[in-house]
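Read through the structure below, which is laid out as structure tokens, and then see the notes.
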Amino acid sequence: MDADFKRIVHNTDILSNVIGALVSELRGKDIEFIKECVSPEGLTRRSGLETEMHNDSGEYVVMDNLFSIAIPGEKEIGIMLNIEAQGNPEPGYPILNRALFYASGIVFNQKSAAFRESHYEKLRKTYSIWFILQPRPDDENTIFRYPLVKVPGLKKKRSYSEESDLLEIIIVNLGGPVNSSNRTFRLLNDIFLSKMNGGRYRNHLKKSYNIQLDDNTLESLERMMMSLGEEIVSYQRQLGYNDAHAEFVENTATTIVKIMTKYGASLPDALEICNLSDDDKETVMKIVNKNLDRM
């Protein structure tokens, strides 16, 4: 899915519509103006700007969807923008932590690329935008913004200060094309979650948002929908397993309490009878102790 998502967001029409909806500095701007602000080919492998983050252990992260945005005006605004897609909203770690890791790497890599020596005043604002393609049901069609802001002392009013406005993480939880009256979500859902295909899909995006799809981008969108469908099935199965396992743990804890109170068994003996795994044993013990405290 990563290669297809890369091709999709590198389509200038799609990229311009997406950032026009999400980047504060471009909100309300004409799409043609936004296109002029974006480097269509992104920054992958471009000399002077690092798209790979390395550590001392030889591990590295490649950011394929890193873009440079220059907004003209009396004072030109420079922005670094990273876009990522995530199918599973629960990959085993907080997505916000990963987004912060990526954004911090982009900030760090600006030295020698965007400025040299101690000219930190030339630091560009960094955005890290993450699309959750299969969010938790309660999160569908929501946007969570995590800006870097100054919080004044107790005697001052809270403000969104320009001097601290240099980093923002945006988590976009998508839903379904028919689920929102908000134009931003209609746009994003129509691009990334449409159930259309072929010429109908191409015509819809052209008519509704003036997005032109070449054959390669259209194929990538269709393939991504197929991959996402498989991820959705896998995620739903995982949710079903998690619910069933949580019920098993609760029922086991109830059984152990009955064994202890009716037969006078100790907690270790009752746990031994139930033959639990080490992970389940720890969870069940917490529930049992909580239930015993209530008795």
Side-chain angles (χ1 to χ4, degrees), residues 1-44 63-73 77-86 125-133 135 140-145 168-225 228:
M1 190 172 75
D2 289 345
D4 286 320
F5 184 76
K6 175 183 176 181
R7 182 175 288 113
I8 291 163
V9 297
H10 280 248
N11 175 290
T12 308
D13 285 354
I14 291 178
L15 177 64
S16 299
N17 273 276
V18 167
I19 64 176
L22 297 173
V23 173
S24 301
E25 292 81 359
L26 292 172
R27 191 173 295 130
K29 302 291 186 183
D30 180 77
I31 291 298
E32 295 304 317
F33 172 83
I34 296 174
K35 288 181 183 179
E36 294 297 321
C37 299
V38 177
S39 58
E41 69 278 14
L43 297 171
T44 308
M63 289 174 284
D64 286 329
N65 308 314
L66 178 62
F67 299 93
S68 175
I69 301 172
I71 306 174
I77 301 173
I79 291 174
M80 301 299 297
L81 173 74
N82 169 239
I83 303 179
E84 301 290 338
Q86 179 72 37
K125 180 171 182 178
T126 294
Y127 278 94
S128 187
I129 300 176
W130 290 69
F131 288 102
I132 311 302
L133 303 178
E140 286 186 355
N141 288 334
T142 59
I143 296 177
F144 299 121
R145 291 179 176 267
E168 185 164 352
I169 294 168
I170 304 177
I171 307 293
V172 183
N173 296 288
L174 298 182
V178 299
N179 288 347
S180 179
S181 59
N182 181 283
R183 184 187 184 279
T184 294
F185 282 112
R186 284 203 311 276
L187 163 71
L188 299 175
N189 288 324
D190 277 351
I191 292 174
F192 296 114
L193 296 182
S194 177
K195 292 181 173 59
M196 302 179 193
N197 53 41
R200 182 167 171 243
Y201 192 15
R202 193 198 305 264
N203 292 336
H204 175 70
L205 292 183
K206 169 65 177 173
K207 182 179 178 180
S208 300
Y209 311 107
N210 199 27
I211 291 176
Q212 300 272 12
L213 292 183
D214 57 81
D215 290 342
N216 288 334
T217 305
L218 180 59
E219 289 174 6
S220 288
L221 280 162
E222 292 174 339
R223 273 197 305 269
M224 193 177 78
M225 289 306 99
L228 181 60

Minimal non-hydrogen separation, [X] against [Y], with atom names:
| X | Y | result |
| --- | --- | --- |
| R145 | S24 | NH1-OG, 3.9 Å |
| P135 | E140 | CG-CG, 3.8 Å |
| R7 | S220 | NH1-OG, 2.8 Å |
| L133 | A85 | CD1-CB, 4.2 Å |
| N173 | F185 | O-CE2, 3.6 Å |
| I71 | C37 | CA-SG, 4.0 Å |

(request) Mind checking side-chain hydrogen bond (donor to acceptor under 3.5 Å, both in side chains) for E219 and listing every partner two or more places apart, or none if nothing turns up? (result)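 Scan of E219 (side-chain hydrogen bond (donor to acceptor under 3.5 Å, both in side chains), adjacent residues dropped) gives none.
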
(message) Applying side-chain hydrogen bond (donor to acceptor under 3.5 Å, both in side chains), can you list everything that pairs with Y209, at least two apart in sequence or on another chain?
(response) D190

Do [X] and [Y] have side chains that approach each other closer than 4.5 Å (heavy atoms only, starting at C-beta)?
| X | Y | answer |
| --- | --- | --- |
| I143 | I171 | no |
| E32 | E36 | no |
| I31 | F33 | no |
| I83 | L15 | yes |
| K125 | E168 | yes |
| L174 | I132 | no |
| I69 | I19 | yes |
| Y127 | E25 | yes |

(message) Holding to ring-ring contact (aromatic ring centres under 6.0 Å, His included), I want the full list of residues that pass it with F131, two or more places apart in sequence or in another chain.
(response)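 ring-ring contact (aromatic ring centres under 6.0 Å, His included) check on F131 returns F192.
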
(message) Rounded at 0.5 Å granularity, tell me how far CG in L26 sits from CD1 in I34.
(response)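 The CG atom of L26 sits 5.0 Å away from the CD1 atom of I34.
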
(request) Please name all residues satisfying salt bridge (Lys or Arg N to Asp or Glu O under 4.0 Å) with R27, sequence neighbours left out, ordered by chain then number. (result) none

(request) Would you sort out whether F67 and M80 count as a side-chain contact (heavy atoms from CB on, under 4.5 Å), showing the intermediate values? (result) CA-CA 6 Å; F67 299 93; M80 301 299 297; over 6 Å; no

(message) With side-chain contact (heavy atoms from CB on, under 4.5 Å) as the criterion, how do T184 and L188 come out once you've worked through the C-alpha distance, each side chain's angles and the decisive distance to 0.1 Å?
(response) CA-CA 6 Å; T184 294; L188 299 175; 3.9 Å; yes

(message) For N141, is there any backbone N or O sitting under 3.5 Å from a side-chain donor or acceptor partner on N182?
(response)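 Side chain of N182 to backbone of N141, a donor-acceptor pair under 3.5 Å: no, none is there.
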
(message) Testing T12, I14, T217 one by one against I211 for a side chain to side chain contact (heavy atoms under 4.5 Å, CB included), which residue passes?
(response)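 So the option named by the test is I14.
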
(request) Quick one: which residue pairs count as a salt bridge (charged side-chain N to carboxylate O under 4.0 Å, His left out) with a foot in residues 8-18, not counting sequence neighbours? (result) D13-K35

(request) Return each pair, listed once, that meets salt bridge (charged side-chain N to carboxylate O under 4.0 Å, His left out) where at least one residue sits in residues 197-214; pairs must be two or more places apart or across chains. (result) R202-D215

